[in-house]
Amino acid sequence: MIAAKLIHNIWSTRKADSLVGMKLMLAEVIGGSDDGHRLIVVDTIGAGIGDRVIVCTGSSARKMLQTDDVPVDAVIVGIIDADCVFE
């Protein structure tokens, strides 16, 4: 799992049918060797810009969507509490 901060919404007027209705967001990794790396994530829990989130990647991300037929590699699985400090 990855800790990240949501920095923007991703808008797409055309996308694969299996992605219709999914909220896409741009996230920036917090800490570790990938600090600052950006990735597109699917938001299934109603997070917003500025929130720090927990992101699940790979096949585990698709399991959160309860299907293997969706071309998704990263899904938000939690919102990090404000008092949690990363050092």
Margin query: In the structure I gave you, are the side-chain heavy atoms of Asp73 and Ile40 within less than 4.5 Å of one another anywhere?
Written below: no

Notebook entry, point to check: Arg52 side chain to Asp81 main-chain N or O, any donor-acceptor pair under 3.5 Å?
Noted result: yes

Side-chain donor-acceptor pairs under 3.5 Å in residues 18-37, sequence neighbours left out?
unit_1: Lys23; atom_1: NZ; unit_2: Asp43; atom_2: OD2; d: 3.1
unit_1: Lys23; atom_1: NZ; unit_2: Ala47; atom_2: O; d: 2.8
unit_1: Glu28; atom_1: OE1; unit_2: Arg38; atom_2: NE; d: 3.1
unit_1: Glu28; atom_1: OE1; unit_2: Arg38; atom_2: NH2; d: 3.3
unit_1: Asp35; atom_1: OD1; unit_2: Gly31; atom_2: N; d: 2.7

Next item on the list: Apply the test side chain to side chain contact (heavy atoms under 4.5 Å, CB included) to residues Asp51 and Ile76: give CA-CA distance (whole Å), side-chain angles for both, the deciding distance (0.1 Å), then the verdict.
Entry: CA-CA 11 Å; Asp51 284 343; Ile76 297 170; over 6 Å; no

Checklist line | Residues forming a side-chain contact (heavy atoms from CB on, under 4.5 Å) with Ile54, sequence neighbours excluded | finding: Met1, Val77, Ile80

Next item on the list: Sequence neighbours left out, what pairs pass salt bridge (charged side-chain N to carboxylate O under 4.0 Å, His left out) with at least one residue falling in residues 2-16?
Entry: none

Note to self: Going by the rule side-chain contact (heavy atoms from CB on, under 4.5 Å), which residues pair with Thr44 if we only count those two or more places apart in sequence or in a different chain?
What the structure shows: Val42, Leu65, Val75

Margin query: Set out, in order, the CA-CA distance, both residues' side-chain angles and the distance that settles side chain to side chain contact (heavy atoms under 4.5 Å, CB included) for Val41 and Ile10, then state yes or no.
Written below: CA-CA 9 Å; Val41 298; Ile10 300 289; over 6 Å; no

Checklist line | Common cluster, Ile49/Val53, ILVMFWY with side-chain heavy-atom separation under 4.5 Å | finding: yes

Notebook entry, point to check: For Thr57, which residues count as a side-chain contact (heavy atoms from CB on, under 4.5 Å) partner, sequence neighbours excluded?
Noted result: Ile2, Val55, Ala74

Item checked: Ile79 reachable from Leu39 in the ILVMFWY side-chain graph, under 4.5 Å edges -> yes

